[in-house]
Amino acid sequence: MEAYNPKELLLFACNHFDLPVENHDGKIVHLEKGYTVEVEGQRLFKLLHDNQVVAPFDDVEELCHFIKQDIALNEES
């Protein structure tokens with residue numbers, strides 16, 4: 001299997017799922033509405049919201065779906 005850059009995969013997925021990236025530096029990607037994703041490994045991502053750990057994800061697509069749903073739920077509240 002070909003090696004890949006997990007941060008580049010995350011940035012690609014965020015773009016695909018229309019999750020605007022505010023900025024990124026090193027292993028950290030800051031999204032809008034207080035979401036941050038830390039790349040912890042080749043297939044491990046830690047999601048934070050307002051600096052609080054939400055959950056680890058080993059699937060970038062599942063991570064993006066979760067963020068989209070969480071944003072929608074917070075907007076309904």
Side-chain angles (χ1 to χ4, degrees):
M1 184 171 162
E2 197 173 307
Y4 68 93
N5 181 322
K7 181 179 166 188
E8 291 302 319
L9 177 64
L10 174 60
L11 293 172
F12 176 82
C14 288
N15 183 54
H16 177 76
F17 284 92
D18 296 320
L19 293 168
V21 173
E22 290 184 345
N23 62 58
H24 57 90
D25 183 38
K27 295 182 177 188
I28 307 293
V29 176
H30 298 280
L31 306 173
E32 67 177 6
K33 302 191 186 277
Y35 293 91
T36 302
V37 180
E38 181 179 345
V39 178
E40 292 199 314
Q42 194 67 10
R43 296 184 183 173
L44 185 60
F45 305 89
K46 178 169 57 176
L47 176 63
L48 298 97
H49 185 248
D50 294 333
N51 296 319
Q52 298 291 320
V53 175
V54 176
F57 288 85
D58 61 4
D59 183 309
V60 75
E61 188 174 332
E62 183 182 336
L63 168 65
C64 291
H65 277 295
F66 181 90
I67 295 169
K68 292 289 276 192
Q69 289 177 340
D70 201 51
I71 289 172
L73 285 173
N74 286 331
E75 288 176 350
E76 289 177 4
S77 300

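Since we're looking at a predicted model, the values are computed, not measured.
- Listed by first and then second residue, the side chain to side chain donor-acceptor pair (under 3.5 Å) pairs involving residues 47-67 amount to none (not counting sequence neighbours).
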Could you list the donor-acceptor pairs under 3.5 angstrom formed between side-chain atoms of residues 66-75 and any protein atom two or more places apart in sequence or on another chain?
residue : atom : partner : partner atom : Å
Lys68   : NZ   : Phe17   : O            : 3.1
Asp70   : OD2  : Tyr35   : OH           : 2.6
Asn74   : ND2  : Tyr35   : OH           : 3.3
Asn74   : ND2  : Asp70   : O            : 3.2
Glu75   : OE2  : Lys33   : NZ           : 3.3

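- In the displayed structure, Asn23 atom CG is contacted under 6.0 Å by more than 12 heavy atoms of other residues, nucleotides or ligands.
- By the 6.0 Å contact criterion, NZ on Lys7 is enclosed, its count of non-hydrogen atoms from other residues, nucleotides or ligands being greater than 12.
- Minimum interatomic distance between Cys14 and Cys64 (heavy atoms only, all atoms of both residues): N-SG, 4.2 Å.
- Atoms CD1 and CG, on Ile28 and Leu48 in that order, are 7.5 Å from each other to the nearest 0.5 Å.
- Both Val29 and Tyr4 are assigned to one and the same hydrophobic cluster, defined by single-linkage of ILVMFWY side chains at heavy-atom distances under 4.5 Å.
- Annotation: the span from His16 atom NE2 to Leu9 atom CG amounts to 11.5 Å, rounded to 0.5 Å.
- Considering only heavy atoms from C-beta on, Leu63 comes within 4.5 Å of Leu10 through its side chain.
- Qualifying salt bridge (charged side-chain N to carboxylate O under 4.0 Å, His left out) partners for Lys46, counting only residues two or more places apart in sequence or in other chains: Glu38, Glu40.
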